[in-house]
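Here, residue 1 is the first one in the sequence, and each next residue gets the next number. Indexing begins at 1, ligand by ligand and atom by atom, following the structure's order.
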Amino acid sequence: MPRIAIIGSGFAGMGLGIQLKQQGIDTFTIFEKADAIGGTWRANTYPGAECDIPSALYSYSFENFDWPNKWSHQPVIKDYLEHCAETYGLWAHIRLETPVTELRWVEEVGAWDVDATPEGGETTTERYDVVVSATGQLSRPRWPDIDGLDSFAGPVFHSAEWDHSVDLKGKRVASIGAGASAVQYVPQIAKDAAKVTVFQRTPNWIIPKNDRDYTEIEKSLIRRSRVARNLRRFMIFARAELLGYDLMHQKSFVRDFMQKFAVKNLQEKISDPDKVAKLTPDYPMGAKRVLFSDDFYEAIEEHDVDIVTDRIDKVTGDAIVTVSGMDQDHVEHQVDVIVVGTGFHTQDFLTPMTVTGPEGRNLNEQWQEGPQAHLGLTVSGFPNLFFMYGPNTNLGHNSIVLMIESQCRYILSALRQMAARSIQAIEVKAEVQQAYNDELSRRLADSAWVLIEDSWYLQGGKVTNNWVGRTTEYRRRTNHADLDEYHLRPKPALTKAG
Ligand code: NAP
């Protein structure tokens with residue numbers, strides 16, 4: 001059986017571990033840098049952290065859970081992943097506090113040496129036939145480059161590294177950033193803070209979540225009936241594929257209607273015309289991730305929440321200073337605490353790992369111009385290395401767990417064929433990867449994501465993060481690993497001992 005190293009214990013790494021076990025393969029190790037499993041659902045503990053795809057679909061197709069409400073909160077999702085680890089016997093395979101720091105291809109044996117270096121500890125090296133990187137696109141918090149931020153006298157922390165020891169009651173709190181995370185934590189902190197000032201660069205399109213608790217009758221039906229479970233999943237899936245998928249395109253049938261609906265909702269919820277103007281996007285819906293919230297606008301209306309759209313110039317010991325207008329007027333906003341909600345390094349698919357392939361090839365260097373892979377899964381020049389949630393596999397419209405399950409199928413299909421055909425290593429052909437990426441570029445030119453200059457989906461104007469089609473197309477294309485698209489290295493023939 002092949003020895004497999006999986007890096008990361010979020011939805012992707014755990015999902016693959018479960019599927020390997022189900023196929024009778026238990027020669028795998030899941031390396032996790034943190035002291036607990038769950039990936040993004042371990043790290044993001046900010047108040048109000050919750051899923052923005054309904055949990056019935058943002059979960060494995062093979063494992064239901066007693067979801068208390070439609071859009072689960074972070075602690076529930078983390079519980080779900082721990083429940084899966086327990087149910088499917090994954091704990092024995094998981095190594096916590098073991099960050100992988102380097103992968104080196106060993107040509108003579110056709111395998112990878114995997115270095116893991118715990119903080120302050122010794123590096124250990126183990127050999128694996130196959131490595132799967134499942135480190136996610138949203139795992140490294142990105143700090144803004146703002147003059148003086150490190151000189152601020154009060155607490156400053158990133159939303160993904162929330163400092164729960166800081167009591168925000170009665171404090172003046174600043175949020176730098178107004179994205180998916182801020183929209184969730186601002187309503188929570190506004191309840192207790194004296195004032196919240198949101199420094200917003202770009203407004204977001206926000207539509208109501210319409211969250212609610214499931215009734216006992218619904219929960220009981222879901223527990224008992226597979227048909228009811230599948231129907232619930234299908235309804236959420238179909239709506240996302242219908243509305244969300246349409247919004248991904250420059251030519252959209254629903255955009256006009258959806259934008260009017262979102263603006264009407266904003267105008268109904270917020271009475272101050274100045275705030276309404278600041279919160280109204282001036283770019284087409286779908287160009288950036290559409291956000292869902294039942295309480296962001298409500299919090300702005302009901303509590304002392306200010307929206308500042310002037311550019312941040314610098315931070316002093318006790319204030320954020322903005323500049324505005326032709327005269328470059330400076331305004332000091334006195335605050336006690338700064339929350340940095342500026343997102344993640346979404347293009348660093350590997351950092352801080354070094355990957356050295358055959359002939360000393362360095363993957364980080366190869367990806368300098370923008371990460372690229374075949375189906376987001378394999379990279380030419382790097383044999384027996386798979387990515388989950390790799391380049392161009394993020395979604396703007398549906399559950400990422402669907403993509404992760406497709407990637408699991410592909411990897412299992414490749415492993416099965418390698419075992420059956422006595423293949424030691426597979427490496428995707430450069431021309432196959434190129435043709436695939438040419439196709440992506442052609443199709444992405446019609447996407448809504450290129451209608452704005454900057455977002456976390458883009459690198460140098462190129463969409464590096466998102467998948468271009470429907471989730472069903474990705475499922476079809478990854479259903480079976482076509483080994484004709486790969487260079488194959490046979491296992492050496494066994495020689496009889498003389
Ligand atoms: P984000 O969506 O990238 O938002 C970052 C915010 O910070 C934006 O408002 C951005 O403004 C602003 N910003 C960035 N750099 C700045 C700077 N130098 N000065 C001032 N403002 C700056 O990050 P996020 O809110 O952490 O969310 C990241 C992603 O995580 C989301 O898109 C989503 O996919 C995921 N997420 C998911 C959930 C979920 O429920 N599943 C929840 C939270 C997050 P611009 O818009 O102008 O760039």
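- Compare Glu453, Arg201, His158 by their heavy atoms: the one nearest to atom 11 (O) of ligand 1 is in Arg201.
- Contacts with ligand 1 closer than 4.0 Å are made by no heavy atom of Phe292, backbone or side chain.
- Nearest to atom 4 (O) of ligand 1 among the protein's heavy atoms is Gly179 CA, 3.6 Å.
- The protein heavy atom nearest to atom 41 (N) of ligand 1 is Asp52 OD1, 3.0 Å.
- For atom 35 (C) of ligand 1, the closest non-hydrogen atom of the protein is Leu138 CD1, 3.7 Å.
- The salt bridge (charged side-chain N to carboxylate O under 4.0 Å, His left out) test with Glu298 is passed by exactly one of Lys191, Lys269, Lys209: Lys269.
- Of all the heavy atoms of Phe344, the ones lying under 4.0 Å from any atom of ligand 1 belong exclusively to the side chain.
- Look at Arg142 and you'll find a heavy atom under 4.0 Å from some atom of ligand 1.
- With a 4.0 Å cut-off on non-hydrogen atoms, Ser181 touches ligand 1 through its backbone as well as its side chain.
- Evaluated by nearest non-hydrogen atom to atom 22 (C) of ligand 1, the leading choice among Leu395, Thr342, Asn204 is Thr342.
- We find that Lys70 and Asp211 are not joined by a salt bridge, their nearest charged nitrogen and carboxylate oxygen being 4.0 Å or further apart.
- Of the listed residues (Ser72, Ser399, Gly341), the one carrying the non-hydrogen atom nearest atom 7 (O) of ligand 1 is Gly341.
- When non-hydrogen atoms are compared, ligand 1 lies under 4.0 Å from the backbone of Glu50 (N, CA, C, O) but not from its side chain.
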